[in-house]
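Below is one structure; the comments refer to it alone.
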Amino acid sequence: MNFRLLRLIMLFGEIFAITPRRNKVKKIRTKIYSICVITALMVASTISVLYYRQPLYVNFSPIKLVLTISMVLIVNIFNCYTVLAPVYFKRRQYCFLIRMLEQNDNVTLDDLCEKIPFYAGFVAPNVIYWGITVYVSYVWTDILGFEYYEQYFVEVIQLYFQFYYSYFLCMFVKVFVGKYKYVNFLLSEQILYMQMRRPTTLERFPISMRRIENLVCFLKEMNVAFNDVFGWPIILIILYSSILLLNYLDDIFKNSFGYSKNQYVGVIISNISVVFLANIGTIALILLCDLVLDEAKTTTLLAYKLRQYALLVEKQEISDFITLMSDNFPQFTAAGFFSLECWLVEKMAALWRAVKSVIVGLVLCVREKALV
């Protein structure tokens, strides 16, 4: 399921010039198309910010202005990198990563337990995104009229680019999860053979261990390539979603623009919805990266368990595999600045708890004022 879904995501991502196919990366028309896409985005974003939104920025506080400009810069840098990197300065690494994926796309357990059509995994997130986007557009059209589309239509497209790319990264990391599960399946199978001590166990053992070792080395090589190609987009996604959260809280906590009561409720719901769209992909990506690490830890534990049932001649080879696993343990990083592990989600959860406390406090204050 993961591989077919990933291919489908990359096929549609090619329309946005963010996931070109390996056999088309070097073609001139692919390079021209990527330049046209990024030029159109940058021109539209510049016009939107400097012409249509500039009057709004005059009334912003210094902090809100800095946050807003930071968001604009980050999302534009993100667009430039994701569109231009695969066909220009990260072309070799990108092609290498996709080639590794294509050559080993049969090493997974996911297809054995597939119950839901793979394309449902593509349709559902898009339906959710555009459903929320339609509601947000309805709320702001009621407030701003056609000016909303003049000011924020480009931002909606750019947010979708980021949402789609985050989903693409999540599906890519799920491939790692499936492959490490397959490694653990092979080790569990070997443990079962060891326990039963069939006559063919000694003959199969070296072949099975060599196969597992090759797969572990392949996964580490793929992990390094993944960090090299996608490290910067990941850190830009995390920065953008974090700043967007801080920026949108300003409109949630205070009615800065004098909206009516009904409009204010709509603004709060729409802002929370946009924050959800921007952060759900980040949180899912971090959790999936952490899941890969958990599967890799399980691999090491299974190797130790395998050594318990091994004969003396087999124990040295298993010890060598444990050393190999330790030296090639997976690590996902955001451009090398920090690792993508569960503690990041814990920090984000702590921030959300603090936000929730503030919201409850504000609601209580509003109620008290209403009673007075």
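This is a predicted model, so every value here is computed, not measured.
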Q.
Below 30° counts as parallel, above 60° as perpendicular, anything between as tilted: where do the rings of Phe122 and Phe12 land?
A. tilted
On the 0 to 90° scale, with breaks at 30° and 60°, tag the Tyr164-Phe16 ring pair as parallel, tilted or perpendicular.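 Ring orientation of Tyr164 relative to Phe16: perpendicular.
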Which heavy atom of [X] sits nearest a heavy atom of [Y], and at what distance?
X: Asn223; Y: Gln331; answer: OD1-N, 2.8 Å
X: Ala17; Y: Ser34; answer: CB-CA, 4.2 Å
X: Thr333; Y: Ile234; answer: O-CD1, 4.5 Å
X: Leu293; Y: Pro330; answer: CD2-O, 3.2 Å
X: Ala303; Y: Ile318; answer: O-CG2, 3.4 Å
X: Lys179; Y: Leu215; answer: O-CD2, 4.4 Å

Contact check, side chains of [X] and [Y], non-hydrogen atoms, under 4.5 Å:
X: Val87; Y: Pro20; answer: yes
X: Tyr148; Y: Val136; answer: yes
X: Arg307; Y: Ser319; answer: yes
X: Lys297; Y: Thr300; answer: no
X: Leu244; Y: Val274; answer: yes
X: Val75; Y: Phe161; answer: no
X: Met42; Y: Cys80; answer: yes
X: Phe321; Y: Arg210; answer: no

Tell me every residue that passes side chain to side chain contact (heavy atoms under 4.5 Å, CB included) with [X], counting only those two or more places apart in sequence or in another chain.
X: Ser188; value: Leu302
X: Ile35; value: Thr39, Leu84, Tyr88
X: Lys90; value: Tyr81, Ala85, Gln93, Asp228

Requested in this report: Let me see the working for Leu291 and Phe176 under side chain to side chain contact (heavy atoms under 4.5 Å, CB included), right down to the final yes or no.
Outcome: CA-CA 9 Å; Leu291 184 58; Phe176 282 95; over 6 Å; no
Is the shortest distance from a Lys or Arg side-chain nitrogen in Arg53 or Glu155 to a carboxylate oxygen in the other one below 4.0 Å? yes
Would you say the rings of [Y] and [X] are close, in the sense that their centroids are separated by under 6.0 Å?
X: Phe168; Y: Phe230; result: yes
X: Phe153; Y: Tyr149; result: no
X: Trp232; Y: Phe78; result: no

- Item | Of all pairs that satisfy ring-ring contact (aromatic ring centres under 6.0 Å, His included), the ones with a partner from residues 283-306, not counting sequence neighbours |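 Checked against ring-ring contact (aromatic ring centres under 6.0 Å, His included) - neighbours excluded - no pair reaches residues 283-306.
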Roughly how far apart are [X] [atom1] and [Y] [atom2], rounded to 0.5 Å?
X: Leu245; Y: Ile272; atom1: CG; atom2: CD1; value: 10.5 Å
X: Ile283; Y: Ser166; atom1: CD1; atom2: OG; value: 11.0 Å
X: Leu186; Y: Leu306; atom1: CG; atom2: CG; value: 11.5 Å
X: Gln190; Y: Arg211; atom1: CD; atom2: CZ; value: 11.0 Å
X: Leu65; Y: Ser70; atom1: CG; atom2: OG; value: 9.0 Å
X: Trp140; Y: Ser137; atom1: CH2; atom2: OG; value: 11.5 Å

Would a hydrophobic clustering, with Ile, Leu, Val, Met, Phe, Trp and Tyr connected at side-chain separations under 4.5 Å, put [X] with [Y]?
X: Val66; Y: Leu239; result: no
X: Ile18; Y: Val175; result: yes
X: Ile243; Y: Leu236; result: yes
X: Val173; Y: Met10; result: yes
X: Phe332; Y: Ile237; result: yes

Applying side chain to side chain donor-acceptor pair (under 3.5 Å) to Tyr160 and Asn126, what does each step give before you reach the verdict? CA-CA 9 Å; Tyr160 180 68; Asn126 281 280; 2.4 Å; yes
For this session: Output, in order, the C-alpha distance, side-chain angles, deciding distance and verdict of side chain to side chain contact (heavy atoms under 4.5 Å, CB included) for Leu159 and Tyr129.
Result: CA-CA 10 Å; Leu159 183 60; Tyr129 178 88; 3.7 Å; yes
* Asn184 and Glu295: CA distance, side-chain angles, deciding distance, side chain to side chain donor-acceptor pair (under 3.5 Å) verdict -> CA-CA 8 Å; Asn184 294 337; Glu295 291 294 335; 2.9 Å; yes
Lys305 atom NZ, neighbour heavy-atom count above 12 within 6.0 Å: no
Show your reasoning for whether side chain to side chain contact (heavy atoms under 4.5 Å, CB included) applies to Val139 and Ile269.
CA-CA 9 Å; Val139 170; Ile269 296 174; over 6 Å; no
Item to complete: Go through Ser48 and Glu150 one step at a time and tell me if the side chain to side chain contact (heavy atoms under 4.5 Å, CB included) criterion holds.
Response: CA-CA 7 Å; Ser48 175; Glu150 294 177 340; over 6 Å; no
### Query
Should Asn76 and Ser45 be marked as a side chain to side chain donor-acceptor pair (under 3.5 Å) after you check the CA-CA gap, both sets of side-chain angles, and the distance that decides it?
CA-CA 8 Å; Asn76 283 312; Ser45 177; 3.3 Å; yes
Apart from Ile47 itself, residues in the same hydrophobic cluster as defined by side-chain heavy atoms under 4.5 Å:
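Members alongside Ile47: Val43, Tyr51, Tyr52.
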Could you list the cluster mates of Leu301? Members are the ILVMFWY residues connected by side-chain heavy atoms closer than 4.5 Å, either directly or through other members.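 Direct or chained contacts put Leu301 with none.
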>> Quick one, Glu14 with Thr19, criterion side chain to side chain donor-acceptor pair (under 3.5 Å). Give me CA distance, side-chain angles, the key distance, then yes/no.
In response: CA-CA 5 Å; Glu14 194 173 358; Thr19 56; over 6 Å; no
- prompt: Under 3.5 Å, is there a donor-acceptor pair linking the side chains of Gln158 and Asn79?
  reply: yes
